[in-house]
Amino acid sequence: MSDKWQIDESEISSRLFLGTAAYPSPEILRKSIKAAQPGLITVSLRRENVAGKGQAFWNIIKDFNIPVLPNTAGCYGVDEAVTTAQMAREIFETNRIKLEVIGDDYTLQPDIYGLLEAAQKLIKLGFEVYPYMTDDLVLAQKLVDLGCNILMPWGAPIGSGRGLNNIYALKQLRERFPDKILVIDAGLGAPSHASAAMEMGYDAVLLNTAVAKAGDPAIMAGAFAQAVKAGRDAYLSGIIAKQDRATPSTPLIDKPLWHQEKI
């Protein structure tokens with residue numbers, strides 16, 4: 001089942017987006033990207049510079065020729081996030097930016113007020129903003145009103161591995177914004193979480209820790225790739241509605257005589 005799709009200026013065939021932080025080694029990162037074959041690779045300008053990975057890291061990313069989604073991970077203020085986004089645009093020559101403005105050290109929950117302000121400024125500067133956000137419906141509407149065509153609600157706090165904490169809210173977002181690209185970002189821990197998100201009709205999932213911190217990241221990356229495809233295929237195929245009563249899957253015609261009711 002071919003499922004190529006358009007996201008801003010790129011046509012991609014995978015609905016798995018993969019982060020590049022916290023892998024045990026550059027070689028394991030390379031193997032994981034190869035196994036996942038992601039549609040987008042996310043990179044943090046701030047974190048990779050601090051880690052000192054330098055040119056070797058960038059060479060790994062460039063070798064795959066996969067579209068890059070820079071992010072503003074680690075930014076706690078509007079000005080910091082906007083400046084980081086501008087630097088990323090110069091380096092990666094793309095207007096797309098995953099916008100993170102963190103408001104809480106413990107949960108890494110986005111600062112919704114800072115997120116809105118930063119998004120507005122970046123959109124005016126010509127960026128295609130991918131906002132990392134909570135699953136708040138009102139926040140989503142405000143971001144759409146500003147001009148965001150892509151929304152990235154969390155499944156759970158970053159790196160928690162808890163999966164989809166608020167199914168009801170996530171379904172509400174999907175139903176309310178049927179024409180927007182929605183990507184589950186953060187908190188996924190198992191391939192089944194990714195499959196569940198895709199079965200709900202989400203356009204893609206973005207993950208990092210679930211692969212980078214796995215016992216075998218490359219194998220886990222491949223497992224997530226399969227789960228994303230399975231969930232998407234199931235959604236496109238039409239999942240049966242839940243019912244409160246049983247429905248026989250085997251017809252009663254030609255039932256053995258000794259099982260038929262006496263007349």
Side-chain angles (χ1 to χ4, degrees), residues 5 7 15-19 39-40 42 44 69 71-76 78 81 96-120 122-123 128-211 224 227-228 231-232 234-235 239 242:
W5 60 305
I7 186 166
R15 293 174 180 269
L16 171 62
F17 301 165
L18 190 66
L40 289 176
T42 66
S44 170
L69 173 61
N71 65 45
T72 63
C75 292
Y76 282 78
V78 172
R96 66 170 69 99
I97 188 75
K98 179 192 167 188
L99 178 60
E100 297 184 29
V101 183
I102 302 301
D104 181 73
D105 285 327
Y106 183 74
T107 64
L108 300 181
Q109 181 171 325
D111 173 357
I112 63 173
Y113 304 104
L115 182 66
L116 287 169
E117 184 180 346
Q120 185 176 37
L122 290 172
I123 289 170
E128 183 68 39
V129 175
Y130 296 44
Y132 164 60
M133 54 177 286
T134 59
D135 50 29
D136 185 274
L137 186 62
V138 176
L139 172 61
Q141 186 61 64
K142 290 183 180 296
L143 287 166
V144 168
D145 291 343
L146 286 177
C148 292
N149 297 309
I150 297 166
L151 301 174
M152 304 184 76
W154 66 356
I158 294 172
S160 67
R162 295 179 59 85
L164 307 178
N165 267 355
N166 194 336
I167 298 292
Y168 174 79
L170 293 173
K171 285 184 176 180
Q172 285 268 301
L173 287 174
R174 180 69 285 177
E175 292 171 5
R176 185 66 65 90
F177 303 103
D179 299 326
K180 299 299 178 183
I181 293 175
L182 300 186
V183 180
I184 294 292
D185 177 14
L188 302 185
S192 58
H193 299 156
S195 184
M198 301 306 294
E199 288 174 10
M200 287 166 55
Y202 272 74
D203 296 287
V205 300
L206 191 159
L207 51 99
N208 190 157
T209 306
V211 171
F224 267 101
V228 168
R232 179 64 178 176
Y235 172 74
I239 299 171
K242 293 180 180 179

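Residues L151 and P131 have side chains in contact (heavy-atom distance under 4.5 Å, counting atoms from C-beta outward). Using a 4.5 Å cut-off on side-chain heavy atoms (C-beta onward), L173 and D136 make no contact. Looking only at side-chain heavy atoms (C-beta outward), F17 and I7 come within less than 4.5 Å of each other. Using a 4.5 Å heavy-atom cutoff, the side chains of N165 and P157 are in contact. By the 4.5 Å heavy-atom criterion applied to side chains, S44 and N71 are counted as neighbours. Within the 4.5 Å cutoff, the side chain of T42 has no heavy atoms near those of the Y130 side chain. Looking at heavy atoms from C-beta onward, M200 lies in side-chain contact with L164 at the 4.5 angstrom threshold. Put simply, the side chain of Y202 does not reach to within 4.5 Å of the side chain of V228, judged on heavy atoms.
Taking CE of M133 as the reference point, atom CG of L99 lies at 12.0 Å (rounded to 0.5 Å). The distance from atom CD1 of I112 to atom NZ of K142, rounded to the nearest 0.5 Å, is 9.0 Å. We find the CG-CG distance between D185 and N208 to be 10.0 Å, quoted to the nearest 0.5 Å. Interatomic distance, I102 CD1 to Y132 OH, rounded to the nearest 0.5 Å: 5.5 Å. The CG atom of L146 sits 10.5 Å away from atom CD of Q141, with the distance rounded to the nearest 0.5 Å. The CD1 atom of I97 sits 7.0 Å away from the CG atom of L69 when rounded to the nearest 0.5 Å.
For the pair T72 (side chain) and E100 (backbone), a donor-acceptor distance under 3.5 Å is present. R174 places a side-chain N or O within 3.5 Å of a backbone atom of G201 that can act as its donor or acceptor partner. Between the side chain of D203 and the backbone N or O of V183 there is no donor-acceptor pair closer than 3.5 Å.
Annotation: Y113, atom OH; neighbour count of heavy atoms from other residues, nucleotides and ligands within 6.0 Å does not exceed 12. Summarising the local packing, NZ of K171 is surrounded by 12 or fewer heavy atoms from other residues, nucleotides or ligands at distances under 6.0 Å.
Looking at every heavy atom in both residues, V78 comes nearest to G114 through CG2-O, 3.5 Å. Closest non-hydrogen pair, T107 versus W154, comes out as O-CZ3, 4.1 Å. Annotation for C148 and A119: closest pair SG-CB, 4.5 Å, computed over non-hydrogen atoms. The two residues A227 and P191 come nearest to each other via the heavy atoms CB-O, 3.3 Å. Nearest heavy atom pair, residue A234 against residue I239, reads O-CG1, 3.4 Å.
Each of L18, V205, L207 was compared with F224 under the side-chain contact (heavy atoms from CB on, under 4.5 Å) criterion, and only L207 meets it.
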